[in-house]
2 protein chains.
Amino acid sequence: MSRIVNRGAASAPTLADVAEVAGVSRQTVSNAINNPDLLRADTLARVQEAIDELGYVPNRAARNLRTRASHLIGLRARPAPEGTAHALMDRFVHALVDTSRTAGYHIMLVTDDPEDRTGTAGYDDLLRSTAVDAFVVTDTHLDQPQLAFLESRRARFVAFGRPWADPDAGHPWVDVDHAAGAALATEHLIGLGHTRIGWIGWHKDSRIGEERRSGWSRVLKAHGLSTTAMASRVEDTIASGRSAAAVLLDEARPTAFVCASDTLAMGVLHLLDERGLRMGEDLAVVGYDDSLVAQCLPGGLTSVRLPLEQVAEEIVAALEGLLARPSYVGPGVLLPPTLRVRGSSGPRLG
Amino acid sequence: MSRIVNRGAASAPTLADVAEVAGVSRQTVSNAINNPDLLRADTLARVQEAIDELGYVPNRAARNLRTRASHLIGLRARPAPEGTAHALMDRFVHALVDTSRTAGYHIMLVTDDPEDRTGTAGYDDLLRSTAVDAFVVTDTHLDQPQLAFLESRRARFVAFGRPWADPDAGHPWVDVDHAAGAALATEHLIGLGHTRIGWIGWHKDSRIGEERRSGWSRVLKAHGLSTTAMASRVEDTIASGRSAAAVLLDEARPTAFVCASDTLAMGVLHLLDERGLRMGEDLAVVGYDDSLVAQCLPGGLTSVRLPLEQVAEEIVAALEGLLARPSYVGPGVLLPPTLRVRGSSGPRLG
DNA sequence: GATCGGGCTTGGAACGATCAACCCGAAGGT
DNA sequence: ACCTTCGGGTTGATCGTTCCAAGCCCGATC
């Protein structure tokens with residue numbers, strides 16, 4: 001069953017059509033839509049009536065052409081790698097779409113063109129062609145060159161993530177206080193009576209990883225507890241988390257772990273599973289990101305939850321400043337995460 | 001630290017600028033971009049050179065206005081509810097973005113405006129205002145009225161999901177063969193030696209749920225195995241999955257469960273955890289959706305994997321037909337899922 | 001040598017909105 | 001009485017591209 005369809009093309013009503021019906025000029029209709037307070041109440045009502053009658057909807061392309069704006073924000077994001085717990089994108093994307101809508105923007109998804117090695121030409125084109133007004137970029141820690149390129153091109157964008165390389169960078173940014181999150185997790189474990197708390201984190205070249213790690217070490221030191229031989233830095237995979245946990249557990253005998261991600265935490269849980277140890281009771285584990293995995297796991301994985309909804313709000317606020325004329329670039333925003341306590345951090349120690 | 005920035009507005013080069021540099025007319029430049037084969041090779045080269053020299057990028061708004069097309073596809077999707085394992089959106093969205101790009105389209109995200117109860121006005125506006133050329137709609141099973149509305153408005157859209165109400169609906173659709181997935185899971189368990197296989201699914205009014213369930217019952221019957229008292233229909237939450245499993249386990253004593261979702265399967269695993277039973281060994285469990293949770297869980301959750309990349313490809317193909325002139329609507333496409341075998345379905349029985 | 005035709009090129013006119021400037025009458029100040 | 005101001009509305013120009021119909025050039029044909 002297939003067919004050729006010929007859609008009737010009764011062309012849509014334009015501003016001029018509405019103007020004629022309402023007995024006013026084009027501009028007045030335009031004002032009725034964009035600056036209603038410029039019109040007298042009775043005129044406004046008459047125009048509105050004509051709009052409703054004709055079912056008029058402004059043509060975006062024409063408006064975009066004239067105003068040199070598209071009210072479209074490009075979201076540059078890479079998908080969560082399979083096999084990791086990392087699914088914050090879903091939540092963040094939705095929060096961003098919602099917040100943007102209330103501000104009159106729509107979100108357009110952009111991913112890297114695998115054929116473009118620099119991964120930047122496409123973005124530049126989108127901006128220059130007025131396809132998007134600005135970008136929201138994530139994964140800033142991974143793409144220093146790209147960020148530099150965007151800045152050099154005077155591209156308009158807001159970063160979810162600090163400008164690690166240049167704290168004084170000229171672009172707006174919003175980030176989560178990663179150290180505070182790890183500190184929260186560590187304090188929580190100390191509060192439960194733990195004194196030997198290990199860290200499983202990312203490689204040293206990960207700025208976020210080091211940031212999170214600093215929260216852990218700072219709190220331990222503040223409580224006079226030792227960090228020596230208690231930390232491991234590995235790749236963000238379940239397998240590395242598992243083996244890092246195995247080594248630390250045998251050598252330093254921690255009673256709890258704080259992990260730089262839920263993925264690594266899952267690695268610890270894999271190890272517990274293998275060794276027949278009970279999560280929470282034999283070993284406390286805290287993850288990071290509050291992924292779906294943390295939420296769904298039997299017993300639940302205690303995890304640091306990123307305030308993605310607030311991040312989205314701050315990003316949209318920054319976008320509005322960026323796109324205002326003259327554009328306004330405020331200071332970077334750092335938001336505190338929270339801790340979701342679940343079974344994996346176990347009961348208070350005897 | 002905040003500041004007012006005044007960006008230099010060296011206005012972008014236009015078609016006319018390129019034409020002047022290349023010593024040809026606007027139309028020739030336009031042809032060089034859109035119909036290169038209409039030009040003599042040397043002219044084309046000269047134009048291309050001018051384009052590169054000026055760094056010209058066609059203005060989308062102007063093109064959209066003239067051609068009455070935006071090359072933007074609206075993706076209507078709702079976020080995964082927190083606390084469920086359901087994270088297929090991430091993968092599907094990315095697949096769709098990638099496939100669309102190769103076809104020259106971009107994806108714009110759309111969610112329901114909570115203030116608009118019908119949830120349809122917004123979509124209609126977007127189409128009429130030429131903001132998007134067409135929609136991709138998901139969750140078709142949940143929104144019958146919306147689908148009907150879109151059809152009545154002659155809106156252009158492709159559905160991810162069968163037109164359950166009217167199998168002969170006029171819009172293109174792509175769906176996964178849900179029954180086949182459940183059948184795959186059931187066959188797998190039978191192959192492992194199970195004969196008492198339970199079903200935990202969704203309420204009867206869920207068409208997808210019933211479809212998946214039919215795969216399970218069909219296979220059992222084909223093998224002469226009983227389905228009586230072996231099935232339960234509940235909400236898609238971990239808690240309901242857990243209690244459904246508890247009841248079935250006590251009353252019908254199945255040795256394996258096929259679940260309509262990974263979320264429900266996680267419910268079963270929660271129960272095992274409570275009762276101190278071992279997943280896979282004491283009870284085999286198969287989920288549906290191949291979520292990150294299934295992948296990350298210690299031992300792993302065997303699950304039915306949806307061919308989302310292929311779905312995306314078929315959807316884009318359907319979109320291209322829909323947007324061609326005259327538009328072409330092909331028959332619906334049904335794609336087979338696959339099974340990802342992991343620890344939760346356990347070893348071959350005794 | 002005039003005509004024809006095909007391949008390229010050309011200027012002008014849309015597409016549908018907003019911007020900038022202007023217009024008009026009534027109110028208020030000097 | 002005259003000038004200014006201001007609210008409320010109009011008109012022509014413009015954004016940058018593609019469509020349209022006509023024009024040009026050149027070689028081939030009669």
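Protein chains get the first letters and strands the later ones, always in sequence-line order, with residue 1 at the start of each.
- Taking atom CG on B:Asn64 and atom C1' on D:dT17, their separation rounds to 10 Å, with Å as the unit.
- Counted by atom type alone, B:Thr111 and B:Arg76 present zero donor-acceptor pairs between their side chains at under 3.5 Å.
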Donor-acceptor contacts under 3.5 Å from residues 306-316 of chain B side chains, at least two apart:
from, atom 1, to, atom 2, distance (Å)
B:Glu309, OE1, B:Arg91, NH2, 3.2
B:Glu309, OE2, B:Arg91, NE, 3.1

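- Rounded to an integer number of Å, the gap from B:Leu15 CG to D:dC15 P is 14 Å.
- Heavy atoms from other residues, nucleotides or ligands lying under 6.0 Å from CD of B:Glu320 number more than 12.
- Per the geometry, CD1 belonging to B:Ile33 stands 13 Å off P belonging to D:dC19, to the nearest Å.
- Protein atom CZ of B:Arg68 is 20 Å distant from nucleotide atom P of D:dG16, rounded to whole Å.
- Protein chain B contacts DNA chain C from C:dC8 to C:dG16, reading 5' to 3' and using non-hydrogen atoms of the protein with a distance under 4.0 Å.
- Among all heavy-atom pairs drawn from B:Trp173 and B:Arg162, the shortest one is CZ3-CG, 3.3 Å.
- The nearest whole Å value for the distance from the CG atom in B:Asn31 to the P atom in D:dG16 is 20 Å.
- OP1 or OP2 of D:dT10 has at least one side-chain nitrogen or oxygen of A:Ser25 nearer than 4.0 Å.
- In terms of position on DNA chain C, the residue among B:Thr28 and A:Thr67 whose nearest nucleotide sits closer to the 5' end is B:Thr28.
- The heavy-atom pair separating B:Leu322 from B:Ser327 by the smallest distance is O-CB, 2.9 Å.
- Once rounded to the nearest 0.5 Å, the distance linking CZ of A:Phe135 with CG of A:Asp124 reads 8.5 Å.
- The residue among A:Leu39 and A:Arg26 whose nearest nucleotide of DNA chain D is located toward the 5' end is A:Leu39.
- OP1 or OP2 of D:dT18 lies within a sub-4.0 Å distance of a side-chain N or O belonging to B:Ser30.
- Counting heavy atoms from C-beta on, the side chains of A:His106 and A:Arg60 come closer than 4.5 Å.
- Remark: nothing in residues 50-63 of chain B comes within less than 4.0 Å of DNA chain C through any heavy atom.
- Distances shown here put every side-chain N or O of A:Arg66 at or beyond 4.0 Å from the OP1 or OP2 atom of D:dG16.
- Between the CZ atom of A:Arg46 and the P atom of D:dG8 there is a distance of 14 Å, given to the nearest Å.
- As a whole-Å value, the separation of A:Leu38 CG from D:dC6 P is 15 Å.
- In summary, the aromatic rings of B:Phe157 and B:Tyr123 are positioned with their centroids too far apart to meet the 6.0 Å limit.
- For the residue pair A:Asp133 / A:Ser70, a side-chain donor-acceptor distance below 3.5 Å is found, with atom types taken as modelled.
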